[in-house]
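Since this is a predicted model, take the numbers as computed values, not measurements.
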Amino acid sequence: MRLFAYRYIFLVGLLLMTPTLLAQSIQHINPSGLLVSKGYTQVVVAQGGRTVYISGQVSANAKGEILHKGDFQAQVRQVFDNLKTALAAAGATFSDVVKLTTYVVNSTDDKLNAVRSIRTQYYTGPNPPGSTYVGVQALYDKDVLIEIEAIAVVR
């Protein structure tokens, strides 16, 4: 009976440790033959952890009011502040983000450079997430100039 109890305790302990044994990790890969960028990583492999999907964030407050109408750079900052709030609600930070998708109304080189510049203020680590930047004709409201969605893996 005592041997059964020890085996039972061992198995329960093993099951409780399984998430740790699965080697929770995030691997950033820039394969040979693809561009290496300071702003994003070509391939991000996440194993283990909790996956967090954050809906597209815009420059809006808690009441849904659009902030910084007509000011693209201010909207970009507000969007990243909103992403920071959403990540924190899930126990995550920007270092946990593995993928971003950015939608910009009537994209220009100046808008792309503004997004890149402001993004670097939030991503300070050596491994930026995978990223897609999409120029669009319009978003859901005429005053919304940018929307960013994120996927994070919390270790």
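Looking only at distances, no side-chain donor or acceptor of K38 sits under 3.5 Å from a matching main-chain atom of P128. Q42 places a side-chain N or O within donor-acceptor distance of the main-chain N or O of L35, the cut-off being under 3.5 Å. No donor-acceptor pair closer than 3.5 Å links the side chain of Q121 to the backbone N or O of R77. With hydrogens and angles disregarded, no donor-acceptor distance shorter than 3.5 Å links the side chain of R155 to the backbone of I26. In this structure a side-chain-to-backbone donor-acceptor pair under 3.5 Å is missing from S117 to A114. With E147 contributing its side chain and Y103 its backbone, the two residues share no donor-acceptor pair below 3.5 Å.
There is no side-chain donor-acceptor pair under 3.5 Å between K69 and S59. Of the N and O atoms on the side chains of N82 and Q78, at least one donor lies less than 3.5 Å from an acceptor on the other residue.
Taking 4.5 Å as the limit, every side-chain heavy atom of V58 sits out of range of all side-chain heavy atoms of L139. Inter-residue side-chain proximity for V52 and V154 is flagged as met; some heavy-atom pair is nearer than 4.5 Å.
In this pair, F80 and Y123 present their aromatic rings perpendicular. The plane angle is above 60°, beyond the 30 to 60° band.
Here I146 contributes atom CD1 and I118 contributes atom CD1; the two are 8.0 Å apart, rounded to the nearest 0.5 Å. In this structure, S131 OG and I148 CD1 are separated by 8.5 Å, a value rounded to the nearest 0.5 Å.
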